[in-house]
Amino acid sequence: MEKELKILIINGPNLNLLGTREPGVYGNQSFGDYFSTLQFQFKETELSYFQSNSEGDLITKIQQAEGVFDGIVLNAAAYTHTSVGIGDAIAAISVPVVEVHISNTFARESYRHHSYISKNAVGIIVGFGLKSYELAIKSFL
């Protein structure tokens with residue numbers, strides 16, 4: 001029997017407000033509801049979820065994934081554009097990371113065009129709404 005993949009989804013600051021935060025940009029669905037959909041869709045994959053508004057907590061969670069998870073789907077949100085520490089944490093582990101963004105960051109403010117994560121990610125998925133997470137999970141299968 002094949003080993004079940006273990007994928008960790010990590011969301012950064014303000015993504016706990018999905019469903020109510022700027023619905024024109026981020027949609028009307030909470031991430032908790034969407035996570036249930038993902039779990040149903042990927043029954044053969046063990047999905048775990050973590051969200052924090054704290055940069056240090058995100059870094060710690062990335063470090064703790066080493067040897068535990070087969071992949072990380074990371075939406076570091078605003079920290080994507082500011083956190084050298086999160087980029088360094090990804091570089092320090094062997095777990096592959098796919099960077100995701102709900103919105104097309106390149107169609108938004110110019111400061112959102114730079115990522116400290118991309119250099120160390122195995123891939124980047126932007127602009128497909130919550131479906132970005134589904135696409136990222138599929139990339140590990």
Original post:
Distance-only, no hydrogens or angles: does the S139 side chain make a donor-acceptor pair with backbone N or O of A136 under 3.5 Å?
Top reply: yes

Subject >> Hydrophobic cluster identity match, I10 and L15, side-chain contacts under 4.5 Å >> reply: no

Original post:
Would you say the side chain of K61 lies within less than 4.5 Å of the side chain of S52, judging by non-hydrogen atoms?
Top reply: no

Subject >> Nearest-0.5 Å distance, CG of residue L8 to CG of residue D70 >> reply: 11.0 Å

**OP:** Would you check if L130 and F31 make a side-chain contact, meaning some heavy-atom pair closer than 4.5 Å?
**Re:** yes

Original post:
Side-chain contact, heavy-atom cut-off 4.5 Å: I86 with I90?
Top reply: yes

Original post:
Do N53 side-chain atoms and N14 backbone N/O form a donor-acceptor pair below 3.5 Å?
Top reply: yes

Original post:
Does V68 belong to the same Ile/Leu/Val/Met/Phe/Trp/Tyr cluster as V95, with side-chain heavy atoms less than 4.5 Å apart forming each link?
Top reply: yes

Original post:
If you round to the nearest 0.5 Å, how far is CD of E4 from CG of L47?
Top reply: 8.5 Å

Original post:
Can any side-chain N or O of S83 pair as donor or acceptor with the backbone N or O of T80 at less than 3.5 Å?
Top reply: no

Subject >> F42 and K138, any side-chain heavy atoms less than 4.5 Å apart >> reply: yes

**OP:** Write down the atom of I124, the atom of V126, and the distance for their closest heavy-atom approach.
**Re:** CG2-CG1, 3.7 Å

Original post:
Do you know which two heavy atoms are closest between P96 and V122, and how far apart they sit?
Top reply: CB-CG1, 3.8 Å

**OP:** State, to 0.1 Å, how close A65 and I72 come at their nearest heavy-atom pair, and which atoms those are.
**Re:** CB-CD1, 3.6 Å

**OP:** Could you tell me whether F50 atom CZ has more than 12 heavy atoms of other residues or ligands within 6.0 Å of it?
**Re:** yes

Original post:
Would you call Y34 and E134 a side-chain contact if the rule is heavy atoms closer than 4.5 Å?
Top reply: yes

**OP:** Give a yes or no on whether the backbone of I102 and the side-chain of Y133 come within a donor-acceptor separation of less than 3.5 Å.
**Re:** no

Subject >> Qualifying residues under salt bridge (charged side-chain N to carboxylate O under 4.0 Å, His left out), relative to E55, sequence neighbours excluded >> reply: none

Original post:
Less than 4.5 Å apart, any side-chain heavy atom of E99 and any of L74?
Top reply: no

**OP:** Could you tell me whether the side chains of Y116 and D88 share a donor-acceptor contact shorter than 3.5 Å?
**Re:** no

Original post:
Ignoring hydrogens and geometry, is there a side-chain-to-backbone donor-acceptor pair from N11 to Q51 under 3.5 Å?
Top reply: no

**OP:** Grab the two heavy atoms, one from P13 and one from A77, that are nearest each other, plus how far apart they are.
**Re:** O-CB, 3.4 Å

Subject >> Inter-residue atom distance S115.OG - Y79.OH, 0.5 Å rounding >> reply: 15.0 Å

Original post:
Hey, what do you get for CD1 (I125) to CD1 (I137), rounding to the nearest 0.5 Å?
Top reply: 9.5 Å

Original post:
V100, L18: one ILVMFWY side-chain cluster at the under-4.5 Å cut-off?
Top reply: yes

Subject >> Beyond-backbone contact of N120 with V97, side-chain heavy atoms, under 4.5 angstrom >> reply: no

Subject >> Reported CG-to-CZ distance for the pair L5 and F140, which is rounded to 0.5 angstrom >> reply: 9.0 Å

Original post:
Going only through I, L, V, M, F, W and Y residues with side-chain contacts under 4.5 Å, is there a path from V73 to I62?
Top reply: no

**OP:** Mind listing the closest non-hydrogen atom pair of L58 and G12 along with its distance?
**Re:** CD1-CA, 3.8 Å

Original post:
Can you tell me how far the CD atom of E46 sits from the CZ atom of F69, to the nearest 0.5 Å?
Top reply: 7.0 Å

Subject >> Shared hydrophobic cluster, I59 / Y49 (ILVMFWY, side-chain heavy atoms < 4.5 Å) >> reply: no

Original post:
Can you name the closest pair of heavy atoms from S132 and H101 and give their distance?
Top reply: OG-O, 3.1 Å

